[in-house]
Amino acid sequence: MQLVNITSTAKGVVHKYGGSSVGTPEKIKAVAARVAKVAKSGQRIVVVASAMGGMTDTLIALAKDMGEVLSPREMDVLLSTGEQQTVSLMAMALNALGVPAQSLTGWQCGIRTNGNHTRARITHIDTAALEDCFSRGVVPVVAGFQGIDGHGDITTLGRGGSDTTAVALAASLGFDCDIYTDVDGVYTADPRKTAGARKLSSVSYDDMIDMSQNGAKVLETRSVQIAKKYGVKLFVGRSLCENRAEGTYIVAEAAEMKKTARAFL
Ligand code: ADP
Ligand code: ASP
Ligand code: MG
C-alpha cells in the first residue's frame, strides 16, 4: 500500500463504527452526538462507518436470489451500497446537530485498490478530499469497506473490511484510530463464546494479527497489519464508551500479552 501525504503533520483521530453500533436510526443519532462532541472540541476527526448490522448479509441473500454464479464486479456494486446508506444518514444526523459533515464513498475519498473484486487490497490513498473537508471545517464521514480500481470499478475489501479502511486512512493522515464495536475491547477469546474470557488492556500488533487470523473478528487481520506497518495507534472499545481505560490498546510491545500468550495458542 502506498500512501500519499504520509509525511502530513496533521493530527487527529479516525473513529470507526461497526454495524452493530449503527444498526438503528437511534444508534446512528447517538454516534453522531458523540462525534459532534469531538468535532466541537476542535480535534480533527474522520468517521468511518460500516453498513447497518445485518445489511451486508441481506444484500448477499438478495444477490443469491438472482442465480448461482454471481459476478464479483456486480457483488461489489451491490455490497458497497450498505455502507453508503449509513454514511449519508450519519452526515444528516451530524448536520442536524449543527456540525457540518459530508459523506464520502470510498472512491470519493481517494481509496484506490487493485481489481480483486470482493477481496480487493488498498494500493494507494489520496487524502486530498479529506484535506479539503478539514480546510472547510467539515467532518468527513467515509463509507468503509470500499474503494475503486484502475478501471474505475467499485471494489470491496472483504468481510470486516471497514476496519481496514479506518486504519489505512489513519495511516495516511498520521491520525490515531479508534475502533468502536459491540464488546468492551479485545478479550483472550471471543467473549460471546468462551466463558471466562478475559479482557486485555493491551495487545501487541503481532499477537493481534495471530488472533485475527485465528478468527477473532473484532479486528480484521489486514487492518492490524497496516497498523503495525505504519505505527498507527489503535484502540478498540465499546461504541459510545467514555472511559478509555475500559478498552484495549494495540501496541508494538504489550507486556500483558507476554504473560498471557498461552491463552491465545
Ligand atoms: P463490528 O460490527 O463492530 O465490526 P464485529 O462483529 O466485526 O463488530 O466484531 C466484534 C465481535 O468480535 C464481537 O461481538 C465478538 O463476538 C467477536 N470476537 C471474536 N473474538 C474476539 C475477541 N478475542 N475479543 C473480542 N471480541 C471478539
Ligand atoms: N459491511 C461489511 C461486512 O459486513 C464490512 C464491515 O462491516 O466491516 O463485512
Ligand atoms: Mg467488524
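Counting convention: from 1, in listed order, for ligands and their atoms alike. Below, all heavy atoms of this structure are taken into account, side chains as well, without hydrogens, waters or symmetry copies.
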Enquirer: What part of Ala189 sits under 4.0 Å from ligand 1 if we count only heavy atoms: the side chain, the backbone, both or neither?
Expert: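 Backbone only.
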Enquirer: Any heavy atom of Gly144 closer to ligand 2 than 4.0 angstrom?
Expert: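 No.
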Enquirer: May I ask whether Pro191 has any heavy atom positioned less than 4.0 angstrom from an atom of ligand 1?
Expert: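 In this structure, Pro191 qualifies as a contact of ligand 1 - some heavy atom is under 4.0 Å.
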Enquirer: Examine the proximity of ligand 1 to Lys16 and report which part, side chain or backbone, both or neither, has a heavy atom under 4.0 Å away.
Expert: side chain
Enquirer: Enter the distance from Met75:CE to Thr155:OG1 here, rounded to the nearest 0.5 Å.
Expert: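 The OG1 atom of Thr155 is 14.0 Å from CE of Met75, to the nearest 0.5 Å.
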Enquirer: Enter the distance from Ser204:OG to Ile250:CD1 here, rounded to the nearest 0.5 Å.
Expert: 8.5 Å
Enquirer: The criterion is side chain to side chain contact (heavy atoms under 4.5 Å, CB included); which residues satisfy it with Gln85, sequence neighbours excluded?
Expert: Met55
Enquirer: What pairs of residues pass the salt bridge (Lys or Arg N to Asp or Glu O under 4.0 Å) test when at least one of them lies in residues 72-87, not counting sequence neighbours?
Expert: Arg73-Asp153
Enquirer: Take every heavy atom of Glu83, measure it against each atom of ligand 2, and state whether any distance is under 4.0 Å.
Expert: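 Heavy atoms of Glu83 do come under 4.0 Å of ligand 2.
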Enquirer: Charged N to carboxylate O under 4.0 angstrom, Asp163 versus Lys16?
Expert: yes
Enquirer: Find all atoms of ligand 1 within a distance of less than 4.0 Å from any non-hydrogen atom belonging to Val183, and give their numbers and elements.
Expert: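 Checking each atom against Val183, I get 13 (C), 14 (O), 25 (C), 26 (N).
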Enquirer: Less than 3.5 Å between some nitrogen or oxygen of Arg159 and one of ligand 2, yes or no?
Expert: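 Yes, at least one N or O pair falls under 3.5 Å.
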Enquirer: Counting only heavy atoms from other residues, nucleotides and ligands, does the tally under 6.0 Å from CZ of Arg121 exceed 12?
Expert: no
Enquirer: Can you list the ligand 1 atoms lying under 4.0 Å from a non-hydrogen atom of Met211?
Expert: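 Those qualifying, in numeric order: 23 (N).
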Enquirer: Which value, rounded to the nearest 0.5 Å, describes the distance between Ile28 atom CD1 and Met52 atom CE?
Expert: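 The CE atom of Met52 is 4.5 Å from CD1 of Ile28, to the nearest 0.5 Å.
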Enquirer: Just going by heavy-atom distances, which of Ala197, Gly185, Ala216 is nearest to atom 25 (C) of ligand 1?
Expert: Gly185
Enquirer: What I want to know is whether Arg192 and ligand 1 share at least one N or O pair that is separated by under 3.5 angstrom.
Expert: yes
Enquirer: What verdict does the salt bridge (Lys or Arg N to Asp or Glu O under 4.0 Å) test give for Asp126 and Arg112, after you've listed the backbone C-alpha separation in whole Å, the side-chain angles of each residue and the deciding distance to 0.1 Å?
Expert: CA-CA 8 Å; Asp126 181 348; Arg112 308 278 162 172; 6.0 Å; no
Enquirer: Going by the order shown, which atoms of ligand 2 are within less than 4.0 Å of some heavy atom of Ser50?
Expert: 6 (C), 7 (O), 8 (O)
Enquirer: Over 60° means perpendicular and under 30° means parallel, so classify the ring planes of Phe235 and Tyr180, tilted if in between.
Expert: perpendicular
Enquirer: Report the distance from atom CG of Leu130 to atom OG of Ser135, rounding to the nearest 0.5 Å.
Expert: 11.0 Å
Enquirer: Of Thr56, Thr156, Leu59, Ile154, which is the lone residue that meets side-chain contact (heavy atoms from CB on, under 4.5 Å) with Leu78?
Expert: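 When side-chain contact (heavy atoms from CB on, under 4.5 Å) is applied between Leu78 and each of Thr56, Thr156, Leu59, Ile154, only Leu59 qualifies.
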Enquirer: Atoms of ligand 1 less than 4.0 Å from Asp182 heavy atoms?
Expert: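 It comes down to these atoms of ligand 1: 10 (C), 11 (C), 13 (C), 14 (O).
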Enquirer: Between Ser162 and ligand 2, which part of the residue brings a heavy atom under 4.0 Å of the ligand: side chain, backbone, both or neither?
Expert: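 The answer is both.
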Enquirer: Tell me, please: is Gly18 in heavy-atom contact with ligand 2, that is, under 4.0 Å?
Expert: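 Judged by the 4.0 Å heavy-atom criterion, Gly18 does not count as contacting ligand 2.
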Enquirer: Compute the shortest N/O to N/O distance between Gly160 and ligand 2 and return yes if it is under 3.5 Å, no if not.
Expert: yes
Enquirer: Nearest to atom 1 (P) of ligand 1 by heavy atom, Val22, Thr56, Asp184, Thr181: which?
Expert: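 Heavy atom nearest to atom 1 (P) of ligand 1 belongs to Thr181.
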Enquirer: Using distance alone, determine whether Lys16 and ligand 2 share an N or O pair under 3.5 Å.
Expert: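 Lys16 vs ligand 2: no N/O contact under 3.5 Å.
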Enquirer: Go through ligand 1 atom by atom and flag the ones less than 4.0 Å from a non-hydrogen atom of Val186.
Expert: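 By the 4.0 Å cutoff, the relevant atoms are 24 (N).
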